[in-house]
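Heads up: the structure comes next, in structure tokens.
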4 protein chains.
Amino acid sequence: MSISKSTARRRGRPQGDEVKIAILKAANELLEEQGLAGFTIDAVATRSGAARSSIYRWWPNRGALAIAGFLAETAQKIGYPVTASAIADMKSQMMRVAEVYGQKVGRIISALVAQGQSDPETLRALLDGYVLPRRDEAKKVLARGVASGELRDDLDFDVVVDALYGPIWYRILVPHAPLTPEWAGRLADHVFGGLRPLR
Amino acid sequence: MSISKSTARRRGRPQGDEVKIAILKAANELLEEQGLAGFTIDAVATRSGAARSSIYRWWPNRGALAIAGFLAETAQKIGYPVTASAIADMKSQMMRVAEVYGQKVGRIISALVAQGQSDPETLRALLDGYVLPRRDEAKKVLARGVASGELRDDLDFDVVVDALYGPIWYRILVPHAPLTPEWAGRLADHVFGGLRPLR
Amino acid sequence: MSISKSTARRRGRPQGDEVKIAILKAANELLEEQGLAGFTIDAVATRSGAARSSIYRWWPNRGALAIAGFLAETAQKIGYPVTASAIADMKSQMMRVAEVYGQKVGRIISALVAQGQSDPETLRALLDGYVLPRRDEAKKVLARGVASGELRDDLDFDVVVDALYGPIWYRILVPHAPLTPEWAGRLADHVFGGLRPLR
Amino acid sequence: MSISKSTARRRGRPQGDEVKIAILKAANELLEEQGLAGFTIDAVATRSGAARSSIYRWWPNRGALAIAGFLAETAQKIGYPVTASAIADMKSQMMRVAEVYGQKVGRIISALVAQGQSDPETLRALLDGYVLPRRDEAKKVLARGVASGELRDDLDFDVVVDALYGPIWYRILVPHAPLTPEWAGRLADHVFGGLRPLR
DNA sequence: AGTTAATCGAGACGGTACGTCTGGTCTTAAG
DNA sequence: CTTAAGACCAGACGTACCGTCTCGATTAACT
């Protein structure tokens, strides 16, 4: 493969990575600082030092650029711990997510979702590039819990993931109260433990 | 003062309600049909037959108009059933909400949330005018459940409401899968019952 | 008529003449100073203090604006003298035209013709708004000359106008040598007198 | 050195004339077909199969390329007939010019002149490469006419050339009426014969 | 019944971002 | 060293909204 790859080097001037990286970096910073407002192609161009046309060469529109910036810079930061207990892993991961989403990242995500409401391609990209992969990871943890007997074996994983992570996104997007790790911990306890009296 | 206010019908031509109503109706229809894209002051004016200036006389900006349209036309449609079982009431209400939000209303809400991301006043209005009141209603049902012994007495109501309704909003805003009453029913079962084996 | 005119006052905010005038003035100045290069919608907007959108409200594109500026500001400056001799009138008018076209006006006209080469509507507007009316004026003077016996009665007026004014435009557009009143005078003498020996 | 230079075929790949020729041909065709609009470096590159950079290696800018294309492909097509009568030669040549300029060539010339208005080098090149040489040829014919006594001996040749050819260029550039050989013939008759009654 | 002050439709106006299209420069791989 | 390919900076184009503003026309309450 490496052979075919080295051979198939295209003809013209190769794409200078610095430009692309600078653009994505600038895009991300703008989203962090100002959300969707202020996230202007012009602003990205100015801050990155690139030309507007260079941006449009690589991304078809604002939404695509925003997604790309997010995925390149911010997305891959939260992994799952792996201990003996799947439930404990899940809970601690939710708390970390809540912590991170409570900061800048939450602003970016909410901006992306907002953009997605009026731009189907952005939504699609967000789902395929971020949401669905992370849901799959979560399902694996759940499967581990079922296998170990920590979790019931009749769970609907999609419903469970919605129940555990849905509220977190909800609090990002509809911030009726702050998003804190403590809250996320209590959320995990409630959902895992159920709401009925113990007996 | 309140007297003088109620009495002292101001001079000049009073505001004809038809205009306001036509505007709100048009606003709502546009949101239903096209979401935030296509929801243009101009489009609302054209469809309603009103003048742009008439819109701006009564609402300061796009977001405020959108909220107003939503609250006036769509918001008050889903009440809580009251039966012997608080859990059953909650579950059936969630299923109804899921059904309604799965249609046009969901599109409107997602548009409003999206608008809210770049417009704090819209967000505030959505919270105060819709989200928080409905959360309070839900908490009342929960309190009934605690009183009747159906629910544990150590619940954090805010967390519970997040756990039950958060996922519904999440599925509106991040539509990775369709929002159906069946799904909402399963969600209720999982959350109320907990995820651990029965033992 | 004045009645119908006063009655037919349209509904909305009337068009403020200052804006339109400022735009046309700025357009003309830019054409004078820099020709077609530098004649940018943005530059016109900046110099006039108007918004780009205000320009596009009244003129569909660059060419239309250029023509409008020319016709409004510069076009109507050269009238025909009327004396006993049509030939003398013609000659002196040609000399005046040469003098004026030798300055800024010539630069504007050449810019307009250039623009017209790639924009049929601009060309059409230039013809209808400037070229043809002025040709008609010239033909009237010629007719006077024929009536008085100064000129032959078998002249093809269109050909004559081309012969007298064509060279002037030619020297504007293809400036192989400067355009001066003296030259225009000699041109008139040659054409009126013919090129053959006197006998 | 000069020896080695003439002998020593420079290193590297020799310049294939086909490329240059293909470029000029494509440039000319585009000018013929669409005038200045559509005459894009990119369009020339695409049609000729050459790369944009190859064009810019040989010509500094759009105008230079246009001129080059014109001179290489279209310019040298109209010679002067030589008979006993200089006036007849002149007239028949004018008619031929009018015929040719009335077709594609006219469109090219007008495009070049237009380009020249905003690009002094193009103008210079057009003058030096085409206009002035042709004027010189015309003057020689005039001189023949003076020598033979057909023409007055006090003529200002520059004025006469302007009078005879100026109108033709004028009709190309300001096409208020079609450019036909008949018209050119009448033009010649009027100018040579003068406009005054015969007496 | 006339005055008065507000509503309402219409639309001009200054702004700002969008996405597209050129121009001209520069950088690479292949020949 | 030439050629094809194409990345890159720069900047104008015309479009679409926004929110403000200025009009004339209308209309109900107050005088």
Side-chain angles (χ1 to χ4, degrees), chain A residues 7-20 37-43 45 49-62, chain B residues 8-20 23 39-43 45 48-62, chain C residues 9-20 37-43 45 48-62, chain D residues 9-16 18-20 37 39-43 45 48-63:
Chain A
T7 315
R9 183 64 172 277
R10 293 207 316 276
R11 267 285 200 107
R13 168 174 178 178
Q15 184 225 330
D17 279 340
E18 310 89 22
V19 174
K20 226 167 173 171
F39 181 73
T40 291
I41 298 287
D42 229 41
R52 278 160 43 77
S53 52
S54 294
I55 296 177
Y56 280 108
R57 186 173 316 113
W58 300 111
W59 298 277
N61 53 44
R62 200 169 79 138
Chain B
R9 255 314 250 294
R10 292 204 316 270
R11 281 267 207 116
R13 170 175 177 176
Q15 180 221 333
D17 278 341
E18 309 88 22
V19 175
K20 230 168 169 173
I23 292 171
F39 180 72
T40 292
I41 297 287
D42 231 42
S48 69
R52 281 159 44 75
S53 52
S54 295
I55 296 176
Y56 278 108
R57 186 170 315 112
W58 301 111
W59 297 276
N61 53 43
R62 198 167 81 138
Chain C
R9 180 64 172 280
R10 292 209 316 277
R11 268 283 201 110
R13 171 174 175 175
Q15 185 225 327
D17 279 340
E18 309 91 21
V19 174
K20 227 167 173 171
F39 181 74
T40 291
I41 298 286
D42 228 41
S48 69
R52 276 161 44 75
S53 51
S54 294
I55 296 177
Y56 280 109
R57 187 170 315 112
W58 300 111
W59 298 277
N61 53 43
R62 203 169 75 139
Chain D
R9 263 304 266 291
R10 291 204 314 267
R11 282 261 209 117
R13 171 173 180 175
Q15 183 221 326
E18 310 90 22
V19 175
K20 235 168 164 171
F39 180 71
T40 292
I41 298 286
D42 230 44
S48 69
R52 280 158 45 77
S53 51
S54 296
I55 297 177
Y56 278 108
R57 182 166 321 107
W58 301 110
W59 297 276
N61 52 44
R62 200 167 78 140

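Order of the sequence lines fixes the chain letters, A, B, ..., with proteins taken first and strands second; residue numbering starts at 1 for each chain. A quick note: this is a predicted structure, and the numbers were derived from the prediction, not measured.
Within the 4.0 Å cut-off from OP1 or OP2 of dT2(F), not a single side-chain nitrogen or oxygen of Arg57(D) is found. Listed pair Trp59(B) / dG19(F) fails the phosphate criterion, with no side-chain N or O lying under 4.0 Å from OP1 or OP2. OP1 or OP2 of dC18(F) lies within a sub-4.0 Å distance of a side-chain N or O belonging to Arg62(B). Distances shown here put a side-chain N or O of Trp58(D) below 4.0 Å from the OP1 or OP2 atom of dT3(F). A close approach under 4.0 Å does occur between a side-chain nitrogen or oxygen of Ser54(B) and OP1 or OP2 of dG9(E).
The distance from atom CZ of Arg52(B) to atom P of dT7(E) is 18 Å, rounded to the nearest whole Å. Asp42(D) has its CG atom 12 Å from the P atom of dA5(F), to the nearest Å. Put simply, CD1 on Ile55(A) is 11 Å from P on dC8(F), counting in whole angstrom units. A straight line from NZ of Lys20(D) to P of dT2(F) spans 10 Å, rounded to a whole angstrom.
Map Thr40(D) and Ile23(B) each onto its nearest nucleotide of DNA chain E; the residue landing nearer the 5' end is Ile23(B). Along DNA chain F, the nucleotide nearest to Ala43(B) and the one nearest to Glu18(A) differ in position, and the one closer to the 5' end is contacted by Glu18(A). When each of Ser53(B) and Ala50(C) is assigned the nucleotide of DNA chain E bearing its nearest heavy atom, the one mapping closer to the 5' terminus is Ser53(B). The 5' end of DNA chain F is approached more closely, in terms of each residue's nearest nucleotide, by Gly49(A) than by the other of Gly49(A) and Asn61(B).
A donor-acceptor pair is defined here as one N or O able to donate and one able to accept, closer than 3.5 Å; no such pair exists between the side chain of Arg57(C) and the backbone of Arg52(C). Of the possible polar contacts, none joining the Thr40(C) side chain to the Asp42(C) backbone as a donor-acceptor pair under 3.5 Å is found.
When all heavy atoms of Gly38(C) and Ala43(C) are compared, the closest pair comes out as O-CB, 3.7 Å.
Rounded to the nearest 0.5 angstrom, Ile41(B) CD1 and Ile23(B) CD1 are separated by 9.5 Å.
Proximity note for Tyr56(C) (side chain, C-beta onward) versus dC9(F), dC8(F), dT15(F): the nearest is dT15(F). Distance from the side chain of Ile41(B) is smallest for dG19(F) among the nucleotides dG19(F), dA12(F), dG15(E).
The shortest distance between side-chain heavy atoms of Lys20(A) and Trp59(A) falls below 4.5 Å.
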